[in-house]
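Report on one structure; see the data block that follows.
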Amino acid sequence: MKTYWLIGIILLVDLTLLLVDDYFPGALGIPVWSLYAVLAVVVLISFMTHDPELEKRFALPSMLLLTIYPMLMMVLLSALGGESQSGFSVTSPFLWLFWGLLLWLGWRDFVKQREEDMEQAD
């Protein structure tokens, strides 16, 4: 479980740094390739340490955090005067569509899992 939380924290920090570098290029002084390398390592480790029980337990909170947090960061970085170099901004209709789709799919999976759990309990 500690690995799960550590992976989550590293992922959020890495996403934050990637967004800051996108909105304020060169402000961090960290090579972008290293941030993508950390992201690849985190994804690899999460696949290697995959625990279906933990995934069920934390599916909704992690999905909400990983969808809402980047959007809030984009709003904050835009408010601070940054401009996205990649086109990922709060004014992008594609991004809002993608965000809404992710939330809907996550909610649908959560409801389906909850129904299955209730059937097993009976």
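All residue numbers in this chain count up from 1 along the given sequence. Note that the coordinates shown come from a computational prediction; the quantities given were computed from them, not determined experimentally.
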Worksheet item: Are Leu11 and Leu39 side-chain neighbours, meaning at least one heavy-atom pair lies under 4.5 Å?
Response: yes

Review point. Does any non-hydrogen side-chain atom of Val38 lie less than 4.5 Å from one of Leu17?
Key: no

dist Thr67:OG1 -> Met71:CE (nearest 0.5 Å) comes out at 9.0 Å

Contacts satisfying side chain to side chain donor-acceptor pair (under 3.5 Å) that involve residues 91-110 (not counting sequence neighbours) are Ser89-Thr91

Using the rule that Ile, Leu, Val, Met, Phe, Trp and Tyr join whenever any side-chain heavy atoms are under 4.5 Å apart, tell me whether Met74 and Val32 fall into a single cluster. yes

### side chain to side chain contact (heavy atoms under 4.5 Å, CB included) between Leu12 and Leu66, worked out
CA-CA 8 Å; Leu12 287 178; Leu66 289 176; 3.9 Å; yes

Quick note, side chain to side chain donor-acceptor pair (under 3.5 Å) partners involving residues 9-25, not counting sequence neighbours, are Thr16-Tyr69, Asp22-Ser84, Asp22-Ser86

Closest non-hydrogen contact found for Met73 with Leu19 is CB-CD1, 3.7 Å

Output for pair (Leu15 CG, Leu35 CG), nearest 0.5 Å, gives 10.0 Å

Hits for side chain to side chain donor-acceptor pair (under 3.5 Å) against Ser78, two or more places apart or cross-chain, chain-then-number order -> none

inquiry  = Hydrophobic clustering (ILVMFWY, side-chain heavy atoms < 4.5 Å, transitive) - are Val43 and Leu65 grouped together?
reply    = no

Value for CG (Leu102) from CD1 (Ile68), rounded to nearest 0.5 Å, stands at 11.0 Å

Quiz item: Should the heavy atoms of other residues, nucleotides or ligands under 6.0 Å from CD of Glu83 be counted, would the total exceed 12?
Solution: no

Between Leu72 and Leu103, is there shared hydrophobic-cluster membership here, with clusters defined by ILVMFWY side-chain heavy atoms closer than 4.5 Å? yes

Q. Are Val111 and Leu101 linked, directly or through other ILVMFWY residues, by side chains that come within less than 4.5 angstrom of each other?
A. no

**Item:** Contact check, side chains of Ile7 and Thr49, non-hydrogen atoms, under 4.5 Å
**Value:** yes

dist Leu80:CG -> Leu77:CG (nearest 0.5 Å) comes out at 6.0 Å

